[in-house]
Structure formats: C-alpha cells, structure tokens
Amino acid sequence: MTVAESAEAAQRYDPRTIQEKWLDRWVKLDPFRASDDPADARERAYLVDMFPYPSGDLHMGHAEAYAIGDAIARFWFQRGLNVLHPIGWDAFGLPAENAAIRNNAHPADWTYANIETQAESFRRYAVSFDWSRRLATCDPGYYHWNQWLFLRFYERGLAYRKGGYVNWCPKDQTVLANEQVINGRCERCGTEVVRRMLTQWYFKITSYADQLLADAAELEGRWPERVLLMQRNWIGRSEGAEVHFVVEGRDEPVTVFTTRPDTLYGATFFVVAADSPLAEQLCAPDRLAELRDYVTEVRKLTDIERQDTARQKTGVFLGTYAINPVNDERIPVWAADYVLPDYGTGAIMAVPAHDQRDLDFARTFGLPVRVVVETDQPDPAETGIATPGDGKLINSGPLNGLDKTAAIAKIIQILEEKGLGRAAVNYRLRDWLVSRQRFWGTPIPIIHCPSCGEVPVPEEELPVVLPDLRGHDLAPKGVSPLAAAADWVNVPCPKCGEPAKRDTDTMDTFVDSSWYFLRYCSPGFTGGPFNPDDVRRWAPVDLYVGGVEHAILHLLYSRFFIKVLHDIGMIDFREPFTRLLNQGQVINGGKAMSKSLGNGVDLGQQLARHGVDAIRLTMIFASPPEDDIDWADVNPDAMVKFLGRVWRLAADVAAAAPAPGTAAGGDIRPNEGHGDTELRRVTHRAIDEVTRLVEAYRLNVAVARLMELVSAARKTIDAGPGASDPAVREAVEVLAVLLSLFAPYTAEECWELLGHEPSVAKAGWPAVDPALLVRESVTCVVQVNGKVRDRLEVQPEITEDELRERALAAPGVIRALDGQPIRKVIVRAPKLVNVVAG
RNA sequence: GCGGGCGUGGCGAAAUAGGAAUACGCGGCAGGUUUAGGUCCUGUUGGUGGAAACACCGUGGGGGUUCGAGUCCCCCCGCCCGCACCA
C-alpha cells in the first residue's frame, strides 16, 4: 500500500478492518461481565435470549433475535444497570443423533463442534454476553441436575409411570408429548403420528392447571396477548358437572363430565369412547366381537382422519342401558370414536337436541331427540341443526322455566343432595409425557428391580452418565439405544442389592430447557441445580426474548417447573419470565426460508458482504421487533451507507478539533452550553426519544431518530458553524453511544476517533438537558371546519384568547371563511385552533 | 366452525392521550461533485386538476359518534395466526 492509498483508506469507512480490530480488543476487555458481588449497589437486570440448538452455524433468524435482545441488554448496560446476559446451548436432541448415525460418529462430537462454531459466530456478531457463564445441557454437570430435579418430582408424585395410549412418531421411533403433535404430525419431522399403548414417564402438569391459568393473569400486558391466549386455550378449562350414571349389569356407576348439566333431561343415549377400556367393560358379552371389530377399524384411522369433523359419525350399540339419574330413564349405551378416551372420563351423556355432534350421531343411528331448551329456532330433529343453549328449560321436571345459569345451579344442587354428581372443572391439558426412546438425552435416574419395583438412583450416585456407545448402532429401533449398553443397564438394586436394570429411556429435551435460565445464575454450582442466593439475586428473568413457536411448549413447561420449584421451597417467585418479547421471523420472498424452496439466505455470506453492523442494523430498522422481516424487501447497503455517514461525522470532528488528550473512562464531555443551539436541541431530543423508544422496544423508530440526528449534524458541519463547533462534537459523541446498541463496531470506532477509550460500552447513557427540550416556538395548526387552512408560529405559552385572536386574523382562515359566520372556535393552545363556520 | 390479530404511498414502515396523515429508509426523478460509472452531497417525490397560488380526493369498503377519526363504536370485505369431534 502506498502512502497515498493508506491516507485515502484512513478516510474511508471500512467495516471489515474495524471489525477485526475491535473483535480482538473486546476479547481482552470482556466488557459485559455481570457482577455477583452482593455489595454492588447497582440495580440488577436479567435478560435471556432463548438459547439456540447447535445444529450447524447461526442463521438469519438468530441474527434477528439476538440483535434485538442485544440492543436492549446494551441499553441496560449503558444505563448503568448490573446486567446478566448469558448464553448457552440446548444441546440434547434428535438432530445430533441423526448426524451421528449418518457419519458413524458420536453425537457429542457433532454437538460440541457446532457449539464452538456458534460461540465464535456470536462473538463476531458482537452480542454482549457474559461468556463466563456459558453452558450446554448435554454436559453431565448440567443434566446431573435434570436427574436430581426428576427425583424431587418423583418424591412428590409429580413424576410417575403409567400405561396408556401415547403419540408415537414412526419415523423418529419415539413417543411425543401432546404439545409436540401439530395437526396430527410430529413437531420435528412432520410424520403422521400414530397411537400406541405404552408405559411411559409423565410429569403431572395437570396438578398445576389452575395455577398456570390463574397466574397468566399476572402476565397480562407483559407477555404478548396471543401467547397468553394460546396457553389459556391449551389448558382449556371448562366448568360443569360430573354426573354418575348407573349402567345395568354393573355395580359401579359411570361418571360423565358435562358443561351443560342443565340439559340432563334431554339425554337420550350414552356414549363411551370406543378405544377406552371402559367400552369393553360396559359391553354386553354378545356384542363384544362387534365392538372389537369396530375398534380395529377405528385404529386404522390416523389422527388426521379421525379429526376430520366432516366425517360421518360411526359407532356400535353395546347392548346395555344406562339409567338417567334424574328421571330413571333407560338410555342405550353406544361406543363411538367421536368421544375421546383421554378427555374428561371418556364417556358422555348425549343430548342430541342441543349438541351438534350428538345430533349427527342420533340422526345417523335413528336415536331419539328431545328438546329441553326452548328457543326460537326450528326443531333440531328436523333441521339437523342443534339449537344452542340460551332459553327457558322445558321437559325438565324441576328445571322447567329456568334459564341456563339458574338451571345449572339448580341441577347441581339436586345432584349433590342426592349424591348423583357434583360441580366439576375439567381441563384439556394432559400430563406431560417426558420419556423418550432415544440416546442423546438425559438418562432417567430410576432403576427397575424385580422385587423392589421402581427405585430412584441414590443422590450420591448422580449423575447417571450416558454410556459412550461409540461405534454402536444408534439407529432408532423403537426401544432406547441405551438398552444395548449391557454394562450400563445391569446394576444392583440400590435397595436390596439384587440384579436390576436401569431405566433406558431419556428425558424430553424440554426438561433441559425448563430451568436453564436458573442455572445461568451459578453455572458451576455443584451443590444443587443452582445456588439459591444467586437465583434470588437475579431471577426471575426480567426480559425473555425468543420466537413465538415456543408459545405453548417451552413456555408452559418452564412456568410449570418454576411453580414446582416454588412449592418445593427452592425459589420465592412463581413465574419465570416477567416480560416476554416474541421477535418475528426472517423470511424471503413472502415465504419461510427453506431448502426445498431454495430461498435460503446464508448469514455468513451476508455478514461477509455487508459487515456485522449493517446486518444488525438492517434487522433492527426493517420493522418492529415482533413483525416478520422479508429479506427481499430490505437493503443492507442502505445501512452501510448510513454507518459510513456516521463514521465520517466522527472523522470530521476529529480532524477539525482534535480532542485535548484522551478522556479515560470515556464520559461525554460536558458541553456547558456552547455551540449551535439548534443542533443541541436536536441532540437532546434524540436522547430523550431514543430512551423512551428503546424502553418500549420500539427499536426501528429509535434508529430513525438516530438518522435524523446524523442529518442534523451533517447540516451543521456543511452549512452551519462547521465541524469544530462544540455542539457538533456533543452530537457525534451522543450518536456514538446511542448507536452502540445496534452497531457496536462502528460506534466503537467513532468513540475512539473522538478521543475516548477504552470502549464505548463503558461510556454510559448521555443525560438529557431538560432546558433543551423546551421548544422556542410551536407551529399552531389553524383549521376551518376541520381542514387545515393556515399555520402560525407561536410561543408555547400563548394564551387561548391570544391564539384565538391570531387564528381568526390569519389570511388562510379569512380566505376559507369567505364571509361565513363563525359558530364556534375550539382552541387547544398552543397546537391547534379549529374554527367552525357556516 | 370457535378464538385472536391485522389492512396506511411503488415498497419496508411512522403518527404520546381523538388534534398537521405518510416521520425514517428503500425505490424513482432532478441537480452538484466526478474524465465516465460508482461513491458522496443537495433537492424533490400520495392522487387528480392547475403555469402557479390553490382546490378537491386520500389510511380495505359502508355507516355512526365528535368541532375534529388512521386512532373510538357498528356492519361488511380481505389477509394472517392459533385451536379444532374437548362433551
């Protein structure tokens, strides 16, 4: 490089050189360590970005999510808070196993290699993490505590094993939780899920259904409304009653749940889920063969077919009768697949007149329909349209004449008095199936002993470390690959010492992610999952940033875990995430990026082409954080251009008025009222507005304000007092600090050009001079009949009378009035006058 | 079907508490700098009419409340998301 060339390079904004320089310095400086010092008086703040799954390198979606979280974390740092902003990896899971099968390697090799790649990319992406706290859930030092927590759940009856129908993914050869079945398909691979009868481990999340629902109210306004709504729907609380029906030939009554006990007199038949054990129990012996044939047919249906509501109703009569407890009527018992075995009690009373599904069934099989709620709608038996429930009860004995609410109360009272039923609440939520027949997960710390049964692994023997199994076949076979590790499986029973076997299933990875944000508080702690003192200091998480795809799964499970830990007495709060911010997705050409569409955008290439700062700024500026960004609609070069303008401002200031020595600590130099007042007003308004905008997560608008500040500073240099004006230095120093939230490399470089060290990250948020926010004059809009006809420059403190007078004299007003009489004048000093005429 | 959200320039988007619609950026147009292109800088850019001043229209459509509505209320249309035989 010649001297002339290097001189020119020095005057050009060069993102690449800047990046390399600061990346190096930050590693040494490590500016974002959270302080655990109890004597640190700064207010603490805890921000967590949902941790990534280490499948390859970071992608465009990560770039958006972490740019948003980082802007807010850096804002908190600049505001002087003691910020905890950690990172880790959700490192167990199927893709690692599948990659290991493909490459005949160990899942750990693939996982840890990807973690290193992502960690390096995070550094380059300049995210303000406290790197001393990084964790990976596949470390034995982490999953040790999954096992420990599992045993705490087990002790309290919150972890249990039961047989029953489960969702089974034939491709992944493992069971799935209900939450992982999306439209009848596997959440991971999209394969249609089938039902299988298996014995599996569950967490009793249903015990917390009411609390999960009740506490959601506290999150109102702090979590996105749609997430709360999805959770409420998922929990699916309904109020009603349980009613006991005696079935002829059976001693024990059968209980049904109904939300409409008031229509009990309209029950004309009884339906039990065909594939529940109850169906066989209620079936007359001579009908058993028919029932079994029917169940075989039902089994052939996939969940997707079964959920098709347009499907013709099917079922079989079981040859028995149930007795309606309020009128002793004999009603036939049927088995059908429209009644679900695992909702309510798996049996219903059918009221065809007022329930569409029951009516469809009744019409298919010629069963009677009896109207018990009087409405102005035509007869359901004729129209095939069930009439809804609001009206006066008829044909219902003591309920006649009552409306719905009164009838429900009355019938519940009658049922309870006679011991025939009671008021009841039912939830759609089912227990969380946590065992998986896969290798790469946390081993379940239970030993099965032929004589002692389930025996917890003693605490001092934790962690139960995964066997290596390197070179073994990890391919899914429907039983856990761990079963093949004979040395590992066969152990003496901890209780009796006789030969026993380890449980070979592993835990759902959502167990790992249900509490990782507590582990960050003390990642090396060996006395428990977390150090309670540290958790008390930092948790709950003040702001949680991540995608809406976890609205139910992860967020519901985490809330459940926190409630259990609270009840165990390990923590003193009941909700994990005080605020939740769901960022949008990065799409391309209106569609999600995907290999099959060939519309993927590679983050590495984007960063190489435009630089980290420009990509971060593109992500922030494109739209509000919650909205999707269509990469086809954005232009990172525009951000490069903007960053170049900022850099040149700093270069101009440095050249025009070299800083008098270096200001260590890096405070913005007090301006003491010098320089161009107009620019100073713009600067202080920018500080004020950006502060409020970032606090409200309105980051795209905050960037727009920075752009305005850049334009104002440029004008002052080129067409005003020039680059040596103190107001210009002040503007550019402020700009560097504000910009550091979004474009840290460029901000650092500017800060250094302005004569500061060691890092803009240590600068502190600039203070607003309130005197500069007061406007000298205000533009008053003068309307005639609501239309703007003139504008006046007025003093902010102008009186209503004076303003009215001036407005009526304004030329635009006189012209618009054209002699019409004035009926009314509305004055909103100092901004608006509306003259009503005619 | 049920529940929720959203419709603003050619495009991404702004608009404290009902008070200047379209901030900021992209794209377009014009000019300056430049040998040229690019870079950079400046101006301009909702529609219609007009030389201009200016007028009229304009936030999916229709109605309403109000001195005043992108914002509040009612009806409709369109798009997106969630749930979906949940008794």
Side-chain angles (χ1 to χ4, degrees), chain A residues 12-13 182-184 224-234 236-238 240 256-261 263 271 273 306-311 313 336-340 342-351 354-358 360-361 426-430 548 551-552 617-618 621-624 626-630 632-642 644-645 648 689 692-693 696 698 700-708 710-711 714-715 718-719 779-791 812 815-816 823-828 831-837:
Chain A
R12 205 183 315 134
Y13 170 65
I182 313 294
N183 292 329
E225 190 50 43
R226 65 171 166 160
V227 173
L228 294 175
L229 202 82
M230 281 163 76
Q231 293 216 346
R232 286 193 187 105
N233 290 342
W234 188 261
R237 180 190 151 98
S238 35
V256 302
F257 174 76
T258 175
T259 53
R260 294 298 306 275
T263 62
V271 189
R306 197 170 163 170
Q307 283 168 8
D308 178 8
T309 47
R311 219 174 100 237
K313 289 277 182 289
D337 64 357
Y338 84 92
V339 172
L340 306 174
D342 44 10
Y343 183 78
T345 62
I348 63 155
M349 63 175 208
V351 183
H354 307 296
D355 182 286
Q356 190 60 48
R357 298 154 300 177
D358 295 344
D360 293 344
F361 192 83
N426 195 50
Y427 295 94
R428 204 186 82 110
L429 182 71
R430 284 163 234 167
V548 74
I552 304 177
L617 207 54
T618 302
F621 184 60
S623 66
E626 318 60 52
D627 288 7
D628 288 351
I629 297 172
D630 194 331
D633 290 336
V634 299
N635 184 358
D637 281 327
M639 299 300 110
V640 176
K641 181 175 148 186
F642 166 71
R645 293 186 62 170
R648 279 191 300 279
E689 289 195 35
R692 285 206 301 259
L693 288 164
R698 303 190 47 220
N700 57 325
V701 187
V703 173
R705 297 293 169 265
L706 296 189
M707 290 172 169
E708 287 171 334
V710 167
S711 293
R714 185 80 256 164
K715 274 208 182 86
D718 290 348
T779 306
C780 175
V781 173
V782 188
Q783 302 175 330
V784 176
N785 291 335
K787 285 183 180 164
V788 180
R789 297 300 179 180
D790 214 328
R791 295 186 169 94
R815 186 169 54 233
R823 281 199 294 168
K824 190 154 66 162
V825 181
I826 286 134
V827 183
R828 293 284 177 274
K831 290 181 71 177
L832 179 123
V833 177
N834 188 14
V835 181
V836 185

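Chain letters run A, B, ... following the sequence lines, proteins first, then strands; residues in each count from 1.
The P atoms of B:C26 and B:A13 are separated by 16 Å, rounded to the nearest whole Å. Separating the C1' atom of B:G3 from that of B:A84 is a span of 11 Å, rounded to the nearest Å. Comparing the P positions of B:A23 and B:U8 gives an interatomic distance of 16 Å, to the nearest angstrom. When the C1' atom is compared between B:U34 and B:A52, the two are found 36 Å apart, to the nearest whole Å. Rounded to whole Å, the C1' atom of B:U16 lies 27 Å from the corresponding atom of B:C11. Taking the P atom of each, B:G70 and B:C57 are spaced 13 Å apart, rounded to whole Å. B:G58 and B:U22 have their P atoms separated by 16 Å, with the value rounded to a whole Å. Nucleotides B:C76 and B:G27 place their P atoms 43 Å apart, quoted to the nearest Å.
A:Ala350 and A:Asp358 make their closest contact through CA-OD2, 3.3 Å (heavy atoms, listed as atom of the first residue, atom of the second, distance).
Atom NZ of A:Lys313 and atom P of B:A87 are 14 Å apart (whole Å). If you take CG of A:Leu693 and P of B:A13, they are 17 Å apart, rounded to a whole angstrom. Here B:A84 presents its P atom at 13 Å from CG of A:Leu229, a figure rounded to the nearest Å. Separating the CG atom of A:Asp627 from the P atom of B:C6 is a distance of 11 Å, rounded to the nearest angstrom. Rounded to whole Å, the distance from CG on A:Leu228 to P on B:G3 is 19 Å. Between the P atom of B:A14 and the CG atom of A:Leu706 lies a distance of 16 Å, rounded to the nearest Å. As rounded to whole Å, 12 Å separates atom C1' of B:G1 from atom CG of A:Asp360.
For A:Arg789, the listed nucleotide lying nearest its side chain is B:A55; candidates were B:A13, B:A87, B:A55.
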With a cut-off of 3.5 Å and sequence neighbours excluded, list every side-chain donor-acceptor pair involving residues 632-639 of chain A.
residue, atom, partner, partner atom, Å
A:Asn635, OD1, A:Asp637, N, 3.2
A:Asp637, OD1, A:His610, ND1, 3.3

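One N or O on the side chain of A:Asn834 and one on the backbone of A:Gly786 form a donor-acceptor pair closer than 3.5 Å.
Side-chain atoms of A:Val782 and A:Val788, non-hydrogen and from C-beta on, never get closer than 4.5 Å to each other.
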Salt bridge (charged side-chain N to carboxylate O under 4.0 Å, His left out) between A:Arg311 and A:Asp337: does it pass, once the steps are laid out? CA-CA 11 Å; A:Arg311 219 174 100 237; A:Asp337 64 357; 2.3 Å; yes
Could you walk me through whether A:Arg705 and A:Glu708 pass salt bridge (charged side-chain N to carboxylate O under 4.0 Å, His left out), step by step? CA-CA 5 Å; A:Arg705 297 293 169 265; A:Glu708 287 171 334; 3.4 Å; yes
Verdict with reasoning, A:Gln783 to A:Val835, per side chain to side chain contact (heavy atoms under 4.5 Å, CB included): CA-CA 6 Å; A:Gln783 302 175 330; A:Val835 181; over 6 Å; no
Stepwise, does the side chain to side chain contact (heavy atoms under 4.5 Å, CB included) test hold for A:Arg260 with A:Thr263? CA-CA 6 Å; A:Arg260 294 298 306 275; A:Thr263 62; 3.7 Å; yes
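Shown here are the side chain to side chain contact (heavy atoms under 4.5 Å, CB included) partners of A:Arg645, two or more places apart in sequence or in another chain: A:Arg648, A:Val710, A:Ser711, A:Arg714. Under the salt bridge (Lys or Arg N to Asp or Glu O under 4.0 Å) criterion, A:Asp790 pairs with no residue, sequence neighbours left out.
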Nucleotide by nucleotide, nucleotides 17-34 of chain B touches protein heavy atoms under 4.0 Å in the pattern (B base, S sugar-phosphate only, - none) --BB--BBSSS-------
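The nearest heavy atom of RNA chain B to A:Lys824 and to A:Phe642 marks one nucleotide each, and the one closer to the 5' end goes with A:Phe642. Position along RNA chain B of the nearest nucleotide to A:Asp628 versus A:Tyr338 favours A:Asp628 as the more 5'-ward residue.
Residue A:Val339 is in base contact, counting any heavy-atom pair closer than 4.0 Å across all strands shown.
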Bracket string, RNA chain B, 5' to 3' - pairs by Watson-Crick or G-U geometry under 3.5 Å, | interstrand: (((((((..(((......[....)))((((((.......))))))((((....))))..(((((..]....))))))))))))....
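Electrostatic pairing of A:Arg226 and A:Glu626 does not count as a salt bridge here, judged by no charged N lying under 4.0 Å from a carboxylate O.
No side-chain donor from either of A:Asp360 and A:Tyr338 sits under 3.5 Å from a side-chain acceptor of the other.
From A:Asn700, atom CG reaches atom CZ of A:Phe621 across 7.5 Å, with rounding to the nearest 0.5 Å.
B:G31 adopts an anti glycosidic conformation, its chi angle falling more than 90° from 0.
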Show each protein N/O and nucleotides 80-82 of chain B N/O combination with a separation under 3.5 Å, one pair to a line.
none

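At least one side-chain nitrogen or oxygen of A:Arg428 sits closer than 4.0 Å to the OP1 or OP2 atom of B:A84.
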